[in-house]
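Residue numbers run from 1 in the order of the sequence given. What you see is a predicted model; the values in this text were computed from it and never measured.
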Amino acid sequence: MLHAVEPTPWWRLRRTWLIAGAGAVVAGTATVALVAQSSGAACAAAAATTGQATYYAADGGGNCSFDQVANPLVVALGNAEYKAGAACGGYLDVKGPKGTVRVKVTDRCPECAAGHLDLSRQAFAKIGDVNAGVIKVTYSPVTNAPVPGPMTVRVKEGSSRYWLALRLDNVGNPTSAVELQQGGSWKALTHTDYNYWIAQNGAGPGPFTVRVTDTAGRRTTLTGVTLTPGTVQRPGATGGGTVAPKTTAPSPKVSSSSPPSSPPPSSSPSAEALAADAPSPEPSATSAAPAARAESRC
């Protein structure tokens, strides 16, 4: 089966590292319902990691396939912490010489060793002197971080009744599982390193009911997700709640070779940034918005 050929995506553009001296979700208009959007009880705080940070000209996009934003407070992680896309959508609190900033994981930095954060320039400037280029930091993951709006689902270009790819955003934690309801059971989708969840053989014409589970155990069910490639669908928020049925199978991982191809790694850092590592131990259309219900197990 042939899939639609996509134009070169924005994430293929070369990323430039900035070292010392370097100077949209479309809102739906349909009536929606969100049942029991729960932030959950606070989970045990993870121990802080000591490391270092550099910065680059981030725009909120990157290997995680999120949308560009005007004032990106974001971070790219090295392969060990990016975990083939499993870290996408999570948040870190990063403390530097000038203070603390909260950043969203949106990109991968292949040359960054564990403990090396590549921040957006905006985030770096909040905690350090941009003229320094490299600063010492401590950082820790955030559980159930507040998000700028309700959960969204994006249907990727090239999706059809025979092959379906979904991207989730505004989850508040990294996403651990995405499933589609088919009959009385749930079909687990596979995750790519560019942060789309794939139904390799498709799921029919839709609309779909999608169940999302995050790493804190919170579960959200989106209903009425339509097969409209290239669009972002966004639920609203009301009260109430229900418990979703158990999943029928765990969600396996797939390599970036599954269609469409994974975005390539970001470009190499400057010599100064690599040296600093050594001593350290689209236009989107609006479619009908899905309804949602959620529960928390955190």
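No side-chain heavy atom of Tyr82 sits under 4.5 Å from any side-chain heavy atom of Pro110. Using a 4.5 Å cut-off on side-chain heavy atoms (C-beta onward), Val75 and Val94 make no contact. Considering only heavy atoms from C-beta on, Ile198 comes within 4.5 Å of Thr192 through its side chain. Side-chain atoms of Asn63 and Asp193, non-hydrogen and from C-beta on, never get closer than 4.5 Å to each other. With contacts defined as side-chain heavy-atom distances shorter than 4.5 Å, the pair Leu77/Leu117 qualifies. Contact annotation: the side chain of Val153 never approaches that of Phe208 to less than 4.5 Å [non-hydrogen atoms, C-beta and beyond]. Trp186 is listed as a side-chain neighbour of Thr221, based on a closest heavy-atom distance under 4.5 Å. The closest side-chain heavy-atom distance from Arg108 to Asn79 is below 4.5 Å.
Pairing each heavy atom of Thr143 with each of Ala216, the nearest pair is CG2-CB, 4.0 Å. Across Ile135 and Ala132, no two heavy atoms sit closer than the pair CG2-CB, 4.2 Å. Smallest separation of non-hydrogen atoms from Ala86 and Pro174: O-CB, 3.2 Å. Minimum interatomic distance between Ala58 and Val74 (heavy atoms only, all atoms of both residues): CB-CG2, 3.6 Å. Between Ser160 and Leu227 the shortest heavy-atom distance is C-CD2, 3.7 Å. Closest heavy-atom contact between Gly96 and Val137: CA-CG1, 4.3 Å.
Counting only distance, with no hydrogens or angles, the side chain of Asp169 and the backbone of Thr152 share no donor-acceptor pair below 3.5 Å. Counting only distance, with no hydrogens or angles, the side chain of Lys156 and the backbone of Arg167 share no donor-acceptor pair below 3.5 Å. Using a distance-only test at 3.5 Å, with no hydrogens or angles considered, no donor-acceptor pair links the side chain of Thr220 to the main chain of Val212. Using modelled atom types, no side-chain atom of Thr49 and backbone atom of Gly115 make a donor-acceptor pair closer than 3.5 Å. Judged purely by atom type and a 3.5 angstrom limit, Arg121 has no side-chain atom pairing as donor or acceptor with the backbone of Val130. A distance-only check finds a donor-acceptor pair linking the side chain of Ser120 to the backbone of Pro72 [under 3.5 Å]. For the pair Thr213 (side chain) and Ser176 (backbone), a donor-acceptor distance under 3.5 Å is absent. At least one donor-acceptor pair under 3.5 Å links the side chain of Gln233 to the backbone N or O of Thr226.
Applying the side-chain hydrogen bond (donor to acceptor under 3.5 Å, both in side chains) rule to Asn201 yields no partners; only residues at least two apart in sequence or on another chain are considered. Tyr139 meets the side-chain hydrogen bond (donor to acceptor under 3.5 Å, both in side chains) test with Glu81; sequence neighbours excluded. Shown here are the side-chain hydrogen bond (donor to acceptor under 3.5 Å, both in side chains) partners of Arg161, two or more places apart in sequence or in another chain: there are none.
Here NZ of Lys187 is found 7.0 Å from CG of Leu180. Values are rounded to the nearest 0.5 Å. Residue Thr215 holds its OG1 atom at 4.5 Å from CG of Asn173, rounded to the nearest 0.5 Å. Between atom CZ of residue Arg102 and atom CG of residue Leu73 there is a gap of 11.0 Å, rounded to the nearest 0.5 Å. The structure places CG of Asp118 at 10.5 Å from CD of Gln52, a figure rounded to the nearest 0.5 Å. How far CG of Leu119 is from CG of Leu92: 9.0 Å, rounded to the nearest 0.5 Å.
Ring geometry, Tyr55 versus Phe124: the interplanar angle falls from 30° to 60°, so the pair is classed tilted.
Inspection of the Asp107 and Tyr56 side chains reveals an N or O donor paired with an N or O acceptor under 3.5 Å.
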